[in-house]
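To keep things clear, I will list the structure first and then write my remarks on it.
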Amino acid sequence: MTSKAPASGVDTTRPSIARIYDYYLGGKDNFAVDRQAAQMALQVTPDGPEAARACRTFLRRAVRYLAAEAGIRQFLDLGSGLPSQGNVHEIAHQVDRTARVVYVDNDPMALAHGRVLLADARTTTVVGGDIRQPEELLAHPEVRKLIDFDQPVGLLLLAILHHLHDNDDPGAIARRLTAALPAGSYLAISHFHDPGEAQPEVSRRARAVEKVFNETLGTGRWRTRQEITGFFGGLELLPPGLVPLADWRPDGDGGSRQTDTYHTILGGVARKP
């Protein structure tokens, strides 16, 4: 079942990252152009839907850790995508109903659906913004309304930095965002990974999917472990460090059925001292 009518401003002639992710998760908010792009990637890595589920499960575990163990009560989720099961506010509110969450995205459908979902929310909002303009994003009135930058923040950069080109300087963007956070804040990142010579066959598939993504979406970078680690800057990576998503603090959620993509998406959480 697919979406019957696009939200205002949605371009159904070009694939969308948010809608492809929705398709992999079994959602209905996607169009033929999205499914075509997704199927092209699946020809190289058939476990794409498992990879999407692994991303969602990592989000759940990371947010639960930040809320339940680290005591974080406000979250800034950049590149949040289309609403799905287990959204950040739902996970955080299982710990504390007063936890505040700001979702930020630049996809018209993600914004429209998010605003409908959160129409009555007093602790959660959805903001249109571009991660490539971090100062504007941080100064946005709706962000400032819910996020107190004098108190620790959980900054979520999940599956977003790998959609920035090298000439966007994602490292500088990550540094500018984390510089705005007070001590005791946390940064969670998940990112496409190219293991290089350490796993040549995995690396070959990673480069093949990268080619498909750039030909269809015009975006997508599978970076090295060193490059991804650099996005955390001087923050303190929590154990077990930067690892395949299923290996980050597993909690008996059924494990990962990833095969081709197991080593090509890494995740980690770090604390700002």
Side-chain angles (χ1 to χ4, degrees), residues 6-7 9-25 27 29-45 47-49 51-52 54-56 58-59 77-82 84 103-111 114 127-134 136-137 156-177 188-196 202-225 227-228 230-231 245 260-261 264-267:
V10 173
D11 184 353
T12 62
T13 66
R14 300 178 61 186
S16 152
I17 297 162
R19 299 195 308 260
I20 289 175
Y21 188 51
D22 174 76
Y23 171 67
Y24 281 155
L25 287 172
D29 297 312
N30 52 79
F31 302 100
V33 66
D34 307 305
R35 298 188 288 277
Q36 182 179 7
Q39 289 296 330
M40 290 176 66
L42 291 177
Q43 292 176 17
V44 183
T45 53
D47 69 339
C55 289
R56 203 71 191 175
F58 173 72
L59 177 152
D77 184 4
L78 306 188
S80 52
L82 284 155
S84 181
Y103 297 102
V104 180
D105 210 292
N106 63 358
D107 183 287
M109 182 172 284
L111 295 172
V127 172
D130 193 323
I131 191 173
R132 291 168 294 189
Q133 299 171 326
E136 288 185 22
L137 189 156
L156 308 179
L157 301 181
L158 304 180
I160 179 65
L161 293 176
H162 55 224
H163 290 300
L164 297 180
H165 296 290
D166 291 345
N167 58 14
D168 291 322
D169 201 350
I173 291 171
R175 287 192 298 273
R176 281 144 69 188
L177 289 167
I189 292 176
S190 61
H191 197 293
F192 292 154
H193 172 234
D194 181 349
V202 175
S203 177
R204 182 195 66 78
R205 286 196 297 268
R207 292 194 301 271
V209 177
E210 182 178 77
K211 184 173 185 290
V212 170
F213 266 59
N214 280 277
E215 288 176 349
T216 57
L217 292 168
T219 178
R221 279 282 282 113
W222 273 248
R223 294 188 168 97
T224 67
R225 174 180 292 274
E227 288 176 307
I228 301 168
F231 295 145
L245 300 183
D260 301 305
T261 60
T264 61
I265 312 178
L266 302 183

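Below, each value reflects all heavy atoms present in this structure, side chains not excepted, and no hydrogens, waters or symmetry copies. In this chain, residues are counted from 1 in sequence order. Bear in mind the structure is a predicted one, so any value in this text is a computation, not a measurement.
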Considering residues at least two apart in sequence or located in another chain, which fulfil the side-chain contact (heavy atoms from CB on, under 4.5 Å) criterion with [X]?
{"X": "D34", "result": "P15, S16, R19, I20, N30, F31"}
{"X": "L78", "result": "L76, V104, I131, L137, L155, L157, L177"}
{"X": "N167", "result": "H165"}

Is it true that a side-chain atom of [X] and a backbone atom of [Y] form a donor plus acceptor pair closer than 3.5 Å?
{"X": "S190", "Y": "A159", "answer": "yes"}
{"X": "T45", "Y": "G48", "answer": "no"}
{"X": "D168", "Y": "P170", "answer": "no"}
{"X": "Y24", "Y": "A51", "answer": "no"}

For E210, the option from R221, R204, R223 that meets salt bridge (Lys or Arg N to Asp or Glu O under 4.0 Å): R221
Modelled atom types, side-chain donor and acceptor of D11 and T13, under 3.5 Å: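 Yes, because at least one side-chain N or O of D11 sits under 3.5 Å from a partner of the opposite role on T13.
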Side-chain donor-acceptor pair present, S203, D194, cut-off under 3.5 Å: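 Checked: S203/D194 side chains pair up, N/O donor to acceptor below 3.5 Å.
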On a heavy-atom basis, which atom in [X] and which in [Y] lie closest, and how many Å separate them?
{"X": "R56", "Y": "Y21", "result": "N-OH, 3.6 Å"}
{"X": "V212", "Y": "A41", "result": "CG1-N, 3.8 Å"}
{"X": "D29", "Y": "D22", "result": "N-OD2, 2.8 Å"}
{"X": "D260", "Y": "D47", "result": "N-OD2, 3.2 Å"}
{"X": "D105", "Y": "G81", "result": "OD2-N, 2.6 Å"}
{"X": "R225", "Y": "L266", "result": "NH2-CD1, 3.9 Å"}

Heavy-atom check, side chain of S80 versus side chain of L156, under 4.5 Å: no
Pairwise side-chain contact, W222 with R205, heavy-atom cut-off 4.5 Å (strictly under):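 A side-chain contact under 4.5 Å is absent here.
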Aromatic plane relationship, H163 with F213 - under 30° parallel, 30 to 60° tilted, over 60° perpendicular: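 F213 and H163: parallel rings.
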Q36 atom CD: more than 12 heavy-atom contacts under 6.0 Å: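 Result for CD/Q36: open.
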Heavy-atom neighbours of R14 CZ exceed 12 at 6.0 Å: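 Counting neighbours around CZ of R14, 12 or fewer heavy atoms of other residues, nucleotides or ligands fall under 6.0 Å, so no.
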For [X], enumerate each residue passing the ring pair (Phe, Tyr, Trp, His ring centres under 6.0 Å) test, keeping only those at least two apart in sequence or located in another chain.
{"X": "F58", "result": "W248"}
{"X": "H191", "result": "H162, F231"}
{"X": "Y103", "result": "H89"}

side-chain contact (heavy atoms from CB on, under 4.5 Å) between I17 and L217, worked out: CA-CA 7 Å; I17 297 162; L217 292 168; 3.9 Å; yes
Verdict with supporting geometry, Y23 and Q39, side-chain contact (heavy atoms from CB on, under 4.5 Å): CA-CA 10 Å; Y23 171 67; Q39 289 296 330; 2.7 Å; yes
CG-CG distance between D77 and L59, expressed to the nearest 0.5 angstrom: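 D77 atom CG to L59 atom CG measures 6.5 Å (nearest 0.5 Å).
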Distance (rounded to the nearest 0.5 Å) between N214 CG and T219 OG1: 6.5 Å
side-chain contact (heavy atoms from CB on, under 4.5 Å) assessment of N106 paired with Q133: CA-CA 11 Å; N106 63 358; Q133 299 171 326; over 6 Å; no
